[in-house]
Chemist: 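Just dropping this structure here.
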Amino acid sequence: MMTGLKAVDGRRAVRNALNGSTPRRPVWLCAVGKAAEAMALGAKEAMGDRLDTGLVITKQGHADPLALAGYGIETRFGGHPLPIEGSLEAGRDLQRMLQALPADREVLFLLSGGASSLVEVPIRGIDLPELRRINAWLLASGLPITAMNLVRKSLSRIKAGGLLGHLEDRPLRALAISDVPQDLPQVIGSGPLTPEPDLAQGVAQLELPEWLSTWVERGIRERGSPETGRARVEILATLSQAKAAIATEARQRGLTTFLHPERLSGDAERLGKQLARTLLGGERGLHLWGGEPTVRLPRNPGRGGRSQHLALAAATQLAGHHGHFLLSIGSDGTDGPTEDAGALVDAGTLERAELAGLSAREALERADAGTFLEAGGDLIRTGPTGTNVTDILLGLKT
């Protein structure tokens with residue numbers, strides 16, 4: 001797994017992309033997302049004194065403000081997976097800094113997953129409680145990320161190319177780490193530099209509750225005509241690269257390796273059971289998957305995230321089948337609103353937790369996989385990884 005994370009490390013990816021670049025003017029940096037600090041440090045290593053000042057917007061615990069300040073880079077902490085007041089403050093500060101930027105500055109924009117909730121400037125009338133209500137509904141809806149981001153774009157003044165108006169005609173370079181299907185720039189972080197000409201038509205196809213549809217319609221009217229122009233966004237790191245690196249390392253170590261190309265999507269419980277059955281019925285060796293499952297949350301969900309939910313569902317199928325293991329983690333080091341990256345489950349996962357009086361079925365129904373997996377000692381905690389290419393799953397059959 002570490003081989004895969006190193007292959008898509010934000011610091012290394014940005015440093016490699018910028019090595020040899022020679023901007024003619026001082027550069028102002030903006031890095032947004034859960035890999036923002038790593039990407040900013042890579043830029044500083046590559047550009048040295050040519051990188052003048054900048055702004056990093058990330059999740060609490062994913063950056064060291066004092067270290068970044070030593071390079072002239074300010075730090076703002078937003079919320080993830082739900083926005084917080086810091087997300088709105090970061091949005092206001094980003095707009096203010098862009099407006100005050102000297103005319104001789106070039107802009108380097110670094111984007112990674114998580115940006116949608118870490119920074120926001122909502123349409124008129126949406127305060128923080130309503131913004132959190134909207135995002136909580138989206139996260140619990142089971143909608144894929146592409147659909148969720150259509151709604152977020154409709155209600156934002158900086159998403160869907162909304163930042164382009166603040167950049168005027170100054171030179172801009174944009175680099176991104178992808179955590180979305182097809183590695184589409186307009187989906188990563190809800191596309192702050194990528195207009196969505198068909199936004200109104202796209203969001204109109206979604207089945208939304210009436211209260212949210214009313215906000216979306218208001219947002220589309222306030223946004224008016226779609227932003228024009230488009231910044232070229234260079235994709236530096238992807239899920240496919242991480243999986244390929246893991247497969248190469250595994251084969252070099254003599255493991256028979258099966259690299260499953262499909263990108264996982266849809267219900268995490270269904271996928272977890274399906275992958276476990278594939279592992280049970282498949283050949284011996286290492287099986288690799290990746291993607292972004294979804295979980296439809298109950299009214300009062302427990303502890304966990306999609307990786308933990310998928311892993312627990314897989315454990316219900318692996319119970320008693322020794323020699324089978326499944327690891328599911330968020331590549332950024334966090335899974336849902338927890339500090340756990342995911343879980344490693346095996347034949348004894350259910351038995352270990354049931355000794356503590358817990359039920360796997362009840363945990364899945366309550367979206368409380370984290371509590372169950374912690375009781376059995378199956379949770380994985382890595383801390384921030386400096387990247388974010390969605391979830392990576394490894395299945396081992398010995």
Side-chain angles (χ1 to χ4, degrees), residues 32-34 57 78-84 87-88 90-91 111-164 176 178-227 265-268 291-299 301 305-306 336-337 388 390:
V32 186
K34 284 187 275 186
I57 302 172
H80 187 276
L82 292 177
I84 60 175
S87 305
L88 302 182
L111 186 64
S112 58
S116 291
S117 68
L118 289 169
V119 58
E120 184 58 286
V121 180
I123 61 168
R124 287 190 296 272
I126 294 184
D127 57 11
L128 180 60
E130 188 67 3
L131 185 63
R132 287 175 61 87
R133 178 193 182 200
I134 291 166
N135 277 274
W137 185 90
L138 290 171
L139 292 168
S141 69
L143 287 171
I145 186 62
T146 303
M148 285 196 284
N149 281 359
L150 285 176
V151 175
R152 289 164 169 158
K153 292 175 184 181
S154 302
L155 306 176
S156 172
R157 287 187 276 167
I158 61 172
K159 294 175 170 57
L163 280 183
L164 291 174
S178 173
D179 67 331
V180 302
Q182 300 176 282
D183 305 321
L184 297 173
Q186 63 265 38
V187 184
I188 303 171
S190 299
L193 301 174
T194 311
E196 185 92 26
D198 301 321
L199 178 59
Q201 296 92 315
V203 77
Q205 304 302 313
L206 303 178
E207 294 186 12
L208 304 175
E210 184 175 354
W211 65 270
L212 183 51
S213 292
T214 300
W215 276 121
V216 166
E217 291 167 6
R218 185 180 303 180
I220 293 294
R221 287 196 301 270
E222 181 176 322
R223 287 179 59 91
S225 301
E227 294 288 342
S265 63
D267 183 69
E292 187 168 87
T294 56
V295 179
R296 188 179 292 274
L297 297 176
R299 182 176 296 274
R306 64 189 184 221
N388 187 6
T390 197

Chemist: Any chance you could measure Leu150, atom CG, to Ile145, atom CD1, to the nearest 0.5 Å?
Modeler: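 The distance works out to 10.0 Å.
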Chemist: Shortest non-hydrogen contact from Glu120 to Lys159?
Modeler: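 Heavy atoms of Glu120 and Lys159 come nearest at OE2-NZ, 2.8 Å.
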Chemist: Do Thr146 and Val180 touch side chain to side chain, with heavy atoms closer than 4.5 Å?
Modeler: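 Answer no - side chains too far apart.
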Chemist: For a quick test of reading the model, state the closest non-hydrogen atom pair linking Gly189 to Ala115 and the distance between them.
Modeler: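 Closest approach of Gly189 to Ala115, heavy atoms only: CA-CB, 3.8 Å.
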Chemist: Atom CG of Leu208 and atom CD of Gln205: how far apart are they, to the nearest 0.5 Å?
Modeler: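 If we round to the nearest 0.5 Å, Leu208:CG and Gln205:CD are 11.0 Å apart.
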Chemist: Return the set of residues passing side chain to side chain donor-acceptor pair (under 3.5 Å) with Asn135 (not counting sequence neighbours), or none when no residue passes.
Modeler: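 So Asn135 forms a side chain to side chain donor-acceptor pair (under 3.5 Å) with Arg152.
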Chemist: Does Asn149 reach the main-chain N or O of Val187 with its side chain, forming a donor-acceptor pair under 3.5 Å?
Modeler: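 Yes.
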Chemist: So, do Leu111 and Leu193 sit near enough that their side-chain heavy atoms are less than 4.5 Å apart?
Modeler: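 Leu111 does not reach Leu193 side chain to side chain.
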Chemist: Counting heavy atoms not belonging to Gln201, are there more than 12 under 6.0 Å from its CD?
Modeler: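 Correct, the count exceeds 12.
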Chemist: Is a donor on one side and an acceptor on the other found under 3.5 Å between the side chain of Ser265 and the backbone of Pro293?
Modeler: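 Judged by distance alone, no pair lies under 3.5 Å.
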Chemist: Taking Ser87 for its side chain and Ile84 for its backbone only, find out whether a donor-acceptor pair lies under 3.5 Å.
Modeler: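 Yes, the answer is positive, given that a donor and an acceptor are paired below the 3.5 Å cut-off.
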Chemist: Show, in sequence, the C-alpha distance, side-chain angles and deciding distance for Leu212 and Leu155, and conclude whether the side chain to side chain contact (heavy atoms under 4.5 Å, CB included) test is met.
Modeler: CA-CA 10 Å; Leu212 183 51; Leu155 306 176; 4.3 Å; yes
Chemist: Between Pro122 and Leu88, which heavy-atom pair has the shortest distance, and what is it?
Modeler: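 The answer is CD-CD2, 3.8 Å.
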Chemist: Do you know the tightest heavy-atom contact between Ile188 and Ala176?
Modeler: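 In terms of heavy atoms, the two residues are closest at CD1-CB, 4.2 Å.
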Chemist: Would you say Arg223's side chain and Lys153's backbone share a donor-acceptor pair under 3.5 angstrom?
Modeler: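 Present.
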Chemist: Please list all pairs passing the salt bridge (charged side-chain N to carboxylate O under 4.0 Å, His left out) test where one or both residues lie in residues 130-148, with sequence neighbours left out.
Modeler: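 Those involving residues 130-148 are Glu130-Arg133.
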Chemist: Just how far is it from atom CG of Leu82 to atom CG of Leu128, taken to the nearest 0.5 Å?
Modeler: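 Rounded to the nearest 0.5 Å, the CG-CG separation comes out at 9.5 Å.
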Chemist: Work out which heavy atom in Ile123 is nearest to a heavy atom in Arg157; give both atom names and the distance.
Modeler: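 Heavy atoms of Ile123 and Arg157 come nearest at CA-NE, 4.2 Å.
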Chemist: About how many Å separate CH2 of Trp211 and CD1 of Ile134, when rounded to the nearest 0.5 Å?
Modeler: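 Answer for the CD1-CH2 pair, Ile134 versus Trp211, is 5.5 Å.
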Chemist: Quick one: CG on Leu206 to CG on Leu143, what's the gap to the nearest 0.5 Å?
Modeler: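 Separation between the atoms: 6.5 Å.
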Chemist: Please find the pair of heavy atoms, one from Ile57 and one from Leu118, that lie closest to each other, and give the distance.
Modeler: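 Residues Ile57 and Leu118, closest heavy atoms: CG2-O, 3.7 Å.
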Chemist: Return yes if some donor-acceptor pair links the side-chain N/O of Thr294 with the main-chain N/O of Pro144 below 3.5 Å, else return no.
Modeler: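 Answer holds: no.
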Chemist: In Å and rounded to the nearest 0.5 Å, what is the NZ to OG distance from Lys34 to Ser112?
Modeler: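 Rounded to the nearest 0.5 Å, the NZ-OG separation comes to 8.5 Å.
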